[in-house]
Amino acid sequence: MSRLITDNNFTDPDAFYAALANLYRDRSETENEVVNARLILLLANQVGDQRILQEALSIAGQATTQDTQHHVS
Amino acid sequence: MVSTYTNPEYPYRKSPDQSAASPVHHPVIIIGGGPAGLAAAMDLALHGVASVVLDDNNTVSVGSRAICIAKRTLEICDRYGCAEPMINKGVTWNLGRVYFHEDQIYEFNLLPESHHKVPAFINLQQYYFEEYMVERCMEMPLIDLRWLHKVAAVDSSTEQATVVVDTEDGPYTMTCDYLLVADGANSPIRDSLGLESKGQVFEDRFLIADIVMKADFPAERRFWFDAPFHPGQSTLLHKQADNVWRIDFQLGWDADPEEEKKIEKIRPRIEAMLGKETEWDLEWASVYTFRCRKMDSFIHQRVLFMGDAAHQVSPFGARGANGALQGVENLCWKLAAVLKGHAAPSLLTTYDTERQHGASENILHSTRATDFMTPKNRTTRILRDTVLDLAREFPFARSLVNSGRLSTPCTYEDSQLNTADSDVFSTAMRPGSACIDAPVTTAEGPAWLLNKLGDRFVLLVYGDGDTEQQQALATAVRELHTSGIRADVLRVTRNTSPAAEPGEIGDPDGILAQRYDMQPGTVYLIRPDQHVAARWRKMDAELVIKAVHKALGASMTQEQPA
Ligand SMILES: Cc1cc2nc3c(=O)[nH]c(=O)nc-3n(C[C@H](O)[C@H](O)[C@H](O)COP(=O)(O)OP(=O)(O)OC[C@H]3O[C@@H](n4cnc5c(N)ncnc54)[C@H](O)[C@@H]3O)c2cc1C
């Protein structure tokens with residue numbers, strides 16, 4: 001039975017991060033929220049397997065906003 | 001001021017060139033006695049090419065500059081004969097710790113792969129690095145090092161270059177076949193020729209403080225994102241020789257560089273970081289804005305640009321001086337081949353193509369690291385902080401954390417000098433790669449593969465081969481020698497007995513065979529800069545000769561209309 005991969009599975013992690021940051025660069029926050037939603041849906045479909053998606057959803061849901069909003073002004 | 005280091009003072013000397021009736025001509029003149037210029041002089045000397053090095057100062061680097069010296073740089077310096085004092089003086093570190101807010105989120109161990117002569121990285125102040133290079137230069141009779149000779153003007157034609165030099169005895173003029181310019185990032189020479197280095201300035205400022213600490217901290221690299229003692233910004237702590245520690249505080253674009261340099265501003269920052277009870281003294285502090293840029297072409301007629309003058313990077317990933325030396329080793333064997341008439345001048349254009357590729361790679365990595373540290377907007381900051389948060393628990397997120405990707409040698413993937421593989425090899429190495437080291441045995445005892453390569457073409461052959469192969473190699477080598485090109489056969493045997501012949505190396509543990517995916521009969525053609533040019537499972541004399549000529553730029557001259 002397959003499980004969510006949490007070890008590195010990127011072929012080029014730096015390139016991915018840079019491309020994503022680049023996508024965000026000249027967009028407003030609202031536009032970026034839409035970009036994020038689109039990206040999640042595309043990738044979720046690629047994953048497909050509901051059990052794996054459920055695992056990812058559960059980790060994602062553990063977020064505490066206080067960490068990330070700490071220094072955002 | 002620096003208490004742990006006294007800059008050597010090299011005296012001004014008058015050269016006979018200054019009293020010559022007409023401008024003296026040299027094959028090569030090098031402007032700048034920094035890492036790039038000094039390395040070039042040594043590399044050329046190993047090829048038997050004399051050079052004059054002009055430096056406007058009388059000492060090595062002053063203050064906080066490069067500290068991370070990468071493995072490939074040490075290997076290049078080992079070929080020059082100056083790596084040993086660097087390795088002895090430098091600090092070897094393996095453990096890196098990454099912090100986010102209050103906590104360590106993970107640590108990584110750079111524990112180097114064993115069976116390499118030099119360590120994966122050392123930390124050594126740039127002044128030591130340069131001092132050891134200067135000492136080696138002074139031992140080489142082909143190098144004419146002139147301190148306090150400041151180049152005031154240069155002129156270039158398609159035939160030669162001219163330099164006007166200012167000294168305390170007045171100005172003098174010289175000409176040369178090739179002028180190597182390594183006068184640093186601001187390169188007044190580049191500007192005076194109407195040339196430009198283009199790229200981006202990062203809108204950020206960094207306080208770089210070198211302190212001496214008595215406390216016995218472990219030799220680790222520590223990197224903080226958004227530390228409680230320095231909120232919103234990144235901080236780096238790194239150990240150098242003599243118990244000097246480098247601290248980088250990211251300050252943001254709005255910081256006032258003059259204010260931030262004051263000890264009243266620095267003291268509370270460092271106390272907040274190290275605690276009030278830790279004793280330390282400030283050695284040096286400066287505030288930097290970093291940029292990444294390069295020239296569109298590193299070649300202008302008879303003028304060749306090297307080091308920071310040609311390409312500049314932000315220090316995250318330590319690619320400035322390290323990149324400079326990879327460029328120098330790429331250029332010098334080609335220049336020597338051209339000067340000796342073994343290759344057409346068009347070979348030099350591959351210095352530009354191969355090193356443009358290297359410079360772009362270095363700029364890409366430095367830019368990405370800088371972008372990771374300085375998110376451009378709120379969404380990106382949330383992304384960055386989420387990566388850091390997930391990195392506590394999940395290895396995949398750690399692969400995205402970027403506090404600088406440490407310099408590794410560039411592979412000249414699509415170089416015109418490579419002969420593409422026609423056989424199958426299962427190793428990360430390929431034509432264009434820098435050779436990987438391996439322990440070997442020789443008639444004189446244990447040795448290292450890289451010490452047997454370089455400065456000329458080497459045909460690295462595995463096993464005794466059949467007589468047909470031996471003859472083919474002998475024919476190829478003989479024929480190349482008649483054109484003046486030196487190519488040596490280096491035979492790898494599994495023989496462990498000390499009675500190896502000269503020109504033979506043993507591979508008792510099979511490490512070389514494994515790293516190069518060697519099978520009996522496999523041959524690697526290795527360039528004078530220790531990069532792979534071609535390789536075969538089965539070869540003949542003609543293939544080898546063709547590949548050597550290709551590595552010397554033969555295919556390029558043929559492509560040009562007559
Ligand atoms: C804070 C900081 C940290 C860094 N950290 C690292 C690191 O960890 N690793 C790394 O690899 N790199 C690092 N770098 C980059 C590194 O310092 C440079 O890449 C390196 O010094 C470039 O060498 P160079 O020989 O091209 O130029 P330079 O070192 O600038 O040397 C130029 C030389 O030319 C001379 N000169 C200038 N004009 C003339 C003239 N008209 N006539 C005669 N001589 C002249 C100068 O006196 C000088 O000696 C760092 C840089 C900074 C600022």
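First the proteins, then the strands, lettered A, B, ... as listed; each starts at 1.
- The 12-atom threshold is not exceeded at CD of A:Gln46, counting heavy atoms of other residues, nucleotides or ligands nearer than 6.0 Å.
- Between chain B and the residues A:Ile59, A:Val35, A:Asp14, the largest count of heavy-atom pairs under 4.5 Å involves A:Asp14.
- For A:Phe10, the part sitting under 4.5 Å from any heavy atom of chain B is the side chain, from C-beta outward, and nothing else.
- Heavy atoms of other residues, nucleotides or ligands lying less than 6.0 angstrom from CD1 of A:Ile5 number 12 at most.
- Looking at B:Arg398, neither its backbone nor its side chain comes within 4.5 Å of chain A, counting heavy atoms on both sides.
- For B:Ser399 against A:Pro13, the heavy-atom pair with the smallest separation is O-CB, 3.4 Å.
- Smallest separation of non-hydrogen atoms from B:Arg368 and A:Asp12: NH1-OD1, 4.3 Å.
- For A:Leu23, no part sits under 4.5 Å from any heavy atom of chain B, backbone or side chain.
- Going from atom CG of B:Leu400 over to atom CG of A:Asn8 covers 7.5 Å, rounded to the nearest 0.5 Å.
- Only the side chain of B:Val387 comes within contact range of chain A, with at least one heavy atom under 4.5 Å from a heavy atom of that chain.
- Between A:Tyr17 and B:Leu383 there is a side-chain heavy-atom pair separated by less than 4.5 Å.
- Atom-to-atom distance recorded for A:Arg25:CZ and B:Thr380:OG1 is 7.5 Å, nearest 0.5 angstrom.
- With rounding to the nearest 0.5 angstrom, the CG atom of A:Asp26 is 11.0 Å from the NZ atom of B:Lys376.
- Using a 4.5 Å cut-off on side-chain heavy atoms (C-beta onward), A:Glu29 and B:Thr379 make contact.
- In this structure, CZ in B:Arg378 is found 10.5 Å from CG in A:Asn32, a value given to the nearest 0.5 Å.
- The contact between A:Ala21 and chain B is made by backbone and side chain atoms together, counting heavy-atom distances below 4.5 Å.
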